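Take a look at the structure set out below.
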Amino acid sequence: MAYYVILSNLTDDGRKTIKEHPDRILEVNRELEQKFGVKLKDQYAVLGQYDFVSIVEAPDNETVMKMSVELGSRGSVQLLSLPAIPVSELLKKLK
């Protein structure tokens, strides 16, 4: 399993949905694992350029791409997915 940092921005529709149904965030998080096999490790609401930062674990890039296309096609969020390597693994590979 690989780690990914997902930076997300809500669209106008997404902000409206969250305002009216805040638990929708948790529903989507459950869907990540049930539908896509992507395990949410941690998630933060943030200020600044992005609305949320999520750390996920997924089998491969293709799984994250499928998840991103599905969620993005709904029109409520835009995602930027970044593969992440734990520093401990980086150090092993560098030695």
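We're numbering straight along the sequence, starting at 1. Everything numeric in this text was worked out from a predicted model, so none of it was measured.
A 4.5 Å side-chain heavy-atom check between Ile6 and Met67 finds at least one atom pair inside the cut-off. You'll find the side chain of Val5 stays beyond 4.5 Å of the side chain of Ser54, heavy atoms only. At a threshold of 4.5 Å between non-hydrogen side-chain atoms, the residues Leu79 and Val77 count as touching. With a 4.5 Å cut-off on side-chain heavy atoms, Ile18 and Arg15 do not count as touching. In this structure, Pro86 and Tyr3 have side chains that are in contact, with non-hydrogen atoms separated by less than 4.5 Å.
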Under the criterion side chain to side chain contact (heavy atoms under 4.5 Å, CB included), I'd like the reasoning laid out for Leu80 against Leu82: C-alpha separation, chi angles, the key distance, then a yes or no. CA-CA 7 Å; Leu80 173 63; Leu82 305 167; 4.3 Å; yes

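Heavy atoms from other residues, nucleotides or ligands lying under 6.0 Å from CD of Gln43 number more than 12. The number of heavy-atom neighbours closer than 6.0 Å to CG of Leu94, taken from other residues, nucleotides and ligands shown, is above 12. Taking a 6.0 Å sphere around CD of Gln49, one finds it holds 12 or fewer heavy atoms contributed by other residues, nucleotides or ligands. Atom CG of Leu26 has more than 12 heavy atoms from other residues, nucleotides or ligands within 6.0 Å.
A salt bridge links Glu70 with Arg74: the distance from a Lys NZ or Arg NE/NH1/NH2 to an Asp or Glu carboxylate oxygen falls below 4.0 Å. We find that Lys92 and Glu89 are not joined by a salt bridge, their nearest charged nitrogen and carboxylate oxygen being 4.0 Å or further apart. Salt-bridge formation is detected for the pair Glu57/Lys41: a Lys NZ or Arg NE/NH1/NH2 atom is positioned less than 4.0 Å from an Asp or Glu carboxylate oxygen.
Under the side chain to side chain donor-acceptor pair (under 3.5 Å) rule, Ser68 has a single partner from Ser73, Ser81, Ser8, which is Ser81. Of the listed residues (Ile25, Val46, Asn9), just one forms a side-chain contact (heavy atoms from CB on, under 4.5 Å) with Phe52, and that residue is Ile25.
Residue Pro59 comes nearest to Gly37 through the heavy atom pair CD-O, 3.7 Å, listed as atom of the first residue, atom of the second, then distance. The shortest non-hydrogen separation linking Thr11 to Gly75 is OG1-O, 2.6 Å. Shown here for Phe36 and Thr63, the closest heavy-atom pair between the two residues is O-CG2, 3.2 Å.
Here CG of Leu40 is found 6.5 Å from CG of Leu32. Values are rounded to the nearest 0.5 Å. One distance of note links CD1 of Ile85 with CG of Leu91; it measures 11.0 Å at 0.5 Å rounding. Annotation: the span from Asp60 atom CG to Lys66 atom NZ amounts to 10.5 Å, rounded to 0.5 Å. Rounding to the nearest 0.5 Å places NZ of Lys35 at 8.5 Å from CG of Leu71.
In the hydrophobic cluster analysis, where Ile, Leu, Val, Met, Phe, Trp and Tyr join through side-chain heavy atoms closer than 4.5 angstrom, Ile55 is grouped together with Leu7.
Using a distance-only test at 3.5 Å, with no hydrogens or angles considered, a donor-acceptor pair links the side chain of Tyr4 to the main chain of Asn61.
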